[in-house]
Structure formats: structure tokens, C-alpha cells
Engineer: 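This is the structure, below, for whatever I ask next.
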2 protein chains.
Amino acid sequence: MVTIRDIAKQAGVSPSTASRALNKNPHISKKTIDRVQTIADQLGYMPDYNAKNLTTGEASAVGVIFPVDGHAVQSNPFYIKVLSGVNDELIKRGYALSVAITKTLDDLQKNVKSMIYQSKIKRFILLYSQPNDPIAKFLRENHLRFVVIGQPTVETDYYVNNNNVEAGAAATRYLLEQSQPEHLAFVHSPENWLFEKERFTGFQNVVSEHNLDYQEFTVDQSNSTTLESQIFEHPQIDGAVATDDINAMNFIDSFKKVYPLKQVEIMGFNNSLPKVLLDRNYRTVDLFPEEMGKKATLLLFSDREDQSIDEKKHLLVGYKIV
Amino acid sequence: MVTIRDIAKQAGVSPSTASRALNKNPHISKKTIDRVQTIADQLGYMPDYNAKNLTTGEASAVGVIFPVDGHAVQSNPFYIKVLSGVNDELIKRGYALSVAITKTLDDLQKNVKSMIYQSKIKRFILLYSQPNDPIAKFLRENHLRFVVIGQPTVETDYYVNNNNVEAGAAATRYLLEQSQPEHLAFVHSPENWLFEKERFTGFQNVVSEHNLDYQEFTVDQSNSTTLESQIFEHPQIDGAVATDDINAMNFIDSFKKVYPLKQVEIMGFNNSLPKVLLDRNYRTVDLFPEEMGKKATLLLFSDREDQSIDEKKHLLVGYKIV
DNA sequence: CTGTTAGCGCTTTCAG
DNA sequence: CTGAAAGCGCTAACAG
């Protein structure tokens, strides 16, 4: 194992100078920085994180926190794509990726506390956003830096998001152009997350521009009959926007059960289904989760790297109908 | 921050004794172990991993390695479920979860080397298995402990797997019971992974028992016309077993394009699709990925915890047709 | 601009 | 069975 002392010796400087040089401390002459760096590269020096973290009190790692889950949410491929985008950026920065994923909120809290107190992680990415979330509260109270994926419930939080209002409007407009539905459905989850409400706003805007009527539907994943009876009460529906691919699939399925012979055009969000299912009369909005992961990481380090981003405290990612 | 010295002081022992007590060192009297432990609990002591790792030279973390990917593989919900199962077990052991997920093999190698040399991680879970995989080779050469999810290509590796031959047979049998197809298809990926070959063996066994004929099909995700022309040459196909839900969906889709009016019953693997898609004439085999994650972790620590498992070097997980 | 020194919190000889 | 002391590899005052 090659340590900083080996490098110092080779370069003919003290360990502290070597350390400073490797960290590009501005008080060190460019000449020695270059020399030390060259030697470090030659020797294939890789700093020991544990030693580094012990002295600085801050881990060279970022914590990524998954939502706790009743089976369906967590396993959305969306999250892995975010994770992949995050790690791309972390590798560049010499940071490791630590993950908290649990089945109960209680375990999640323990997991996050361990990250903070035992691993000394100071930077987090929160893959979800919920009002009165104790995890976010805890991070805030302890002055830890974190970025929310999605619309935060506390306006001072850092976040990366899509423009959901606009995306909701675009999806609705696309639907209207493709077929000419006259009685629309808006399909969302029982939780009615913030992002769903925003997409709904976009939907409403376009619908009212066109003087169309619409109906709201709630997908209860555990009980499809409630959705079917809702659909049964609205036989005129001929087009739908769903807040998510899964909700869209559930709606289609129930719709076909109630009206086996009717066609309904539908839009979803997330592009989370196998490509082959996207054919024909199903379109979805890709929200570029990898890009979200990358930008979240950018934002997470903006205090050190880009003050101009840091002031805004948020970044937006585009969307694309596919 | 409460350190081991605080505990030692309270307990009226030296820091070294406190350390030994907390690690249940057998040379320490039960009395002091209990006393020290009680005080530690009272004070809410959480050991600093960085300090611990620095002295022991081994991280309190496990590295989980994702396959590199052409978009489709990584984002399979299967992996998150494994991750979740792994973390359940890690929490119990006071271990952290570190993840390597990259787009190129080159980056993955760097990522894993960083885990080893910088984070001092000594235990890994490999979420895939490939012949001549440089990552597995590297882990082996450096005598690092790792468990493969799936069938390893080197027989001395530790692994967790399903009985794929049996599951392939069961799926085929189920298909034969449900409908009475006479001309079967077996659908797999161009890579033809080990687990696909095993499921194929099970499939063949049942098919030959029943004196049926079959045809192999390869799904090329980037070019559906090749699959369609394969299907076109075999108009008699009336049932299929696919090695994976995605392959199954692709096959169904191509089949419907070629023969819009024909029915085909099909079985897939992985239970990776939204529940609502499982209806009617599509069944899939759930392979309990969470359970695989848990068992992989068990195996990863079997050297310390369960010698009887350690000798077998592998564990199997069940399956269920859903 | 650079070197000396101390110390982060833990474990681990070595000694008793 | 327990204590004293050293040290893991790094960074951060402090001093020059």
C-alpha cells in the first residue's frame, strides 16, 4: 500500500505538503503540486478514505435514500436509473455511493442515523418527497446537505425536478392531437403525490383551453373493482392521462373489462415499461431519471463547485414523449 | 459525540477493556461485558466506522456490484429487490451498503478498485455472472469474499441461485396443463446466459416426456423484424416459454403482428411487470429476489456465522408461478 | 510557501 | 482478566 509518506519521500517534501499538494491547496506552489501529483500518479496512489474521513470528520460518500415501500414503489426502474446517474457523477469526484433502502420507516431512520453518526456522511439524495417526512426533517435539523428528487414540501430544500405542470400539459396536448377525445380521464394514485397534482394542473389548463370535460379517477392497486365501478359511471370516456405507467396500465385493464369493445387512447409517465409495450395506442413521458441523478449530484456539491447554481437551489430536467 | 473513552470512564475501566467488551471478546468477564454494554446503550454509543476501519483495515460495509448495461438490464426491478433484501440483513449486522453501478466495464473496474483500496471493503455481492468476467477474476485473485447472484461460471465461487432446471420444467408443465399446446416455442436472449440454458434444459425434459416438438427463438431487442421472420417460419406455434418477462412481451408482440388472430399462451420469468399485466393468458415465475439478497448476505458472512453453510458455498431459493 | 507536531477514535500488541 | 501505549493514514493548526 502506497501512503502519502511514500509520495512525500519521493518528492522530497513533508507529508503535510504532499497532502496539501494533492488537495490542490492554493498556498502550495504550482511546481510542487505538479511534482507531487506526478509521483502520486506514477505510484498509483489511492488515498485511504477511512483515514481521510477520520481526520476531516466527513465521509467521501453520498447517501442515497429510497422511499419505504409497500412493494410497488421501490421497485420502479426509475430509481435505478437515478442511482446510475448519481454514481456517474460521484466517480468523477472520488466519492462512494452508499444506499439506504428498507421496508419500514423505523429501519430507514436507523439506517440514515448510522450513515450520519457512524459513516460521517454529510450529503444525501432523497429519492422521494413527502409532507412531514421525518427523514427530511432530521436532515434539515442537523444541517446536513441534501437534494430532493421531485418537488420538495419545504420550499427551502434543494431539489431536482421536471416541470410537471408543463409536462402534464404537453402530454394532454399530445393526446388531443393524436386522437380527438372529447371526454377525458385523469388517473392518479390514492396518495395523490405532489407531482401528480402538478401534472393535473397542466392537464386542467389544456382541457379548459379546449372546453372539454374531464373526470378524475383513483387507482387502488389492491382493489380493482373500485376503479371499475368508477369507470362504469362514466361510459363516455374516450381518452386518458395517467400520472404514471402503472396507473395507466391499471386504468386500461379496468376499462377493457368494463367496455371490452371500446378504444381508449392513453398517456402515462415514466417510461418504465418494456419498450415493446409502448407500441400503438400507448405513449408515455420519459422524465430522464439519469439526468435527474446527475443534476442532483451537481446540486449536492454546488456549495463547493458552482455558486451560481447554489443560489437557485434547484435544477430542472426536461421530458420527452416516447 | 460519545466515544469509547466516555464509556470506559463511566464503567471505570480502560478504553481497551471497553473496546474488548463491546466486541464480546471472550477474555473479558461476563460481568464487565454486561456493564459496559449497558452503559453503551444508555449513552446511545455508535462506533465510528472510519476509526474502526482504519485500525482493523476492513470496512464495515458490503459492496454490491451491478452488471454494466445496455439500458435494459440494469433497470430491471429484480435488482432493487435483491438490494432491499441485502440491506435488511446488513442492518442487523451493523454493516453499510455500498453500490457500484456504471455504464462501462472500465468505470466498473475503477469503482470496484476504489471500494477495495480506498474504502477497504472486503465483501461483495455480484448481481450477475459472466464467463471471464474481469471483476470476478479480480476479486478472486485478491482473495476477497464475494457471492454471486445466479449460476457462477467458476465452480468454486459462492453463489445463491434458483433451481433453474426445475423452475424451467415447472413452468413448462404449468403451460401444458393450462392450455394444451402442441407446438412449443422456447424464447431466450441473444446472450443466452447460463440461467437461460438451465431453464431450457428443464423445458426440454418436460417437452420430451410429452413427445412434443419445439422451436428456439432469439429476441433481438433492437430489431424486432428478425424475431418476426423467425415466427413467420413456424406458423404452428401455440405455446411458449420465455426466459424472462421482457423476452416474453417481445415474443407476444411479434407474434401478434405476424398472426393477429391467433392465440398463444406464454410463460415468463421474473415477475417484473406491473401486476395488472399478469392477467389472463400470461403467467410468470417469481424467483423471490429479496430472498436471494438475504441468502446472499448470509452466505457472505458464513465464515463467521455458520460454518455449515460455509462448506456448501451456495444456497438455493424457491420459485412460484404467479 | 513549507515543515513539525499533534490527534481524529478505535483496536491491538505487550505486559502484568 | 485488565491496563498502558502505540499506531492505522491522513489533515490541520501552528510556526516559521
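Values in this document were obtained by computation on a predicted structure and should not be read as measured data. So you know, we letter chains A, B, ... as the sequences are listed, proteins then strands, and number each from 1.
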Engineer: Within less than 4.0 Å of OP1 or OP2 of C:dC8, is there a side-chain N or O belonging to A:N53?
Structural biologist: no
Engineer: Test side-chain hydrogen bond (donor to acceptor under 3.5 Å, both in side chains) on B:K103 and A:S84 and set out the steps.
Structural biologist: CA-CA 8 Å; B:K103 299 206 182 44; A:S84 179; 3.2 Å; yes
Engineer: Please state whether the phosphate of C:dG3, meaning OP1 or OP2, lies under 4.0 angstrom from any side-chain nitrogen or oxygen of A:S16.
Structural biologist: no
Engineer: Tell me: CG of A:N25 to C1' of C:dC1, nearest whole Å?
Structural biologist: 10 Å
Engineer: Rounded to whole Å, how long is the line connecting atom CG of B:L54 with atom P of D:dC10?
Structural biologist: 9 Å
Engineer: What is the distance from CD of B:E58 to P of C:dT12, rounded to the nearest Å?
Structural biologist: 11 Å
Engineer: Would you call B:E291-B:K294 a salt bridge at under 4.0 Å N-O?
Structural biologist: no
Engineer: Between B:D106 and B:K110, does any NZ, NE, NH1 or NH2 come within less than 4.0 Å of an OD or OE carboxylate oxygen?
Structural biologist: yes
Engineer: Under 4.0 Å, counting only non-hydrogen atoms across every strand here, what does B:N23 touch: a base, just sugar-phosphate, or nothing?
Structural biologist: sugar-phosphate
Engineer: Assign the ring pair A:Y159 / A:H314 to parallel, tilted or perpendicular, where the plane angle (0 to 90°) is split at 30° and 60°.
Structural biologist: parallel
Engineer: Give the rounded distance in Å between these two atoms: CG of A:N50 and P of D:dG9.
Structural biologist: 11 Å
Engineer: Go through D:dC10, C:dG3, C:dT11 for me and flag the one nearest to the B:K52 side chain.
Structural biologist: C:dT11
Engineer: In whole angstroms, how far is the P atom of C:dC8 from the CD1 atom of B:I4?
Structural biologist: 14 Å
Engineer: Could you check which of D:dT2, D:dG9, C:dT11 has an atom nearest any side-chain atom of A:T3?
Structural biologist: D:dG9
Engineer: Let's see if you can work this out: which of D:dC10, C:dG9, D:dG3 has an atom nearest to the side-chain heavy atoms of B:S14?
Structural biologist: D:dG3
Engineer: Would you mind reading off the distance between B:M46 atom CE and C:dG9 atom C1', rounded to a whole angstrom?
Structural biologist: 15 Å
Engineer: Can you tell me if A:S19 touches the phosphate of D:dT11, counting only side-chain N or O atoms and a distance under 4.0 Å to OP1 or OP2?
Structural biologist: yes
Engineer: If you assign each of B:V13 and A:T17 to its closest nucleotide in DNA chain D, which residue comes earlier from the 5' end?
Structural biologist: B:V13
Engineer: Can you check whether any acceptor in the base of D:dT2 is under 3.5 Å from a donor in the side chain of B:T32, or vice versa?
Structural biologist: no
Engineer: Assign each of A:R5 and A:K30 to its nearest nucleotide of DNA chain C by heavy atoms, then name whichever residue's nucleotide is nearer the 5' end.
Structural biologist: A:K30
Engineer: Decide yes or no for A:Q151 and A:F195: does some side-chain heavy atom of the first lie under 4.5 Å from some side-chain heavy atom of the second?
Structural biologist: no
Engineer: Closer than 4.0 angstrom, basic N to acidic O: yes or no for B:K92 and B:D88?
Structural biologist: no
Engineer: A:L22 CG to D:dT11 C1': how many Å, rounded?
Structural biologist: 12 Å
Engineer: Less than 4.0 angstrom between a side-chain N/O of B:S29 and OP1 or OP2 of D:dT2, yes or no?
Structural biologist: yes
Engineer: From the set C:dT2, D:dG9, D:dG7, return the single nucleotide nearest to any side-chain atom of A:H27.
Structural biologist: C:dT2
Engineer: Between C1' on C:dC1 and NZ on A:K31, what's the gap in Å once rounded to a whole number?
Structural biologist: 12 Å
Engineer: Nearest to the B:D48 side chain among C:dG9, D:dG3, D:dG9, which nucleotide is it?
Structural biologist: C:dG9
Engineer: Between D:dA12, C:dC10, D:dG3, which one does the side chain of B:R20 approach most closely?
Structural biologist: D:dG3
Engineer: Counting only side-chain N and O atoms of B:Y45, is one of them less than 4.0 Å from OP1 or OP2 of C:dC10?
Structural biologist: yes
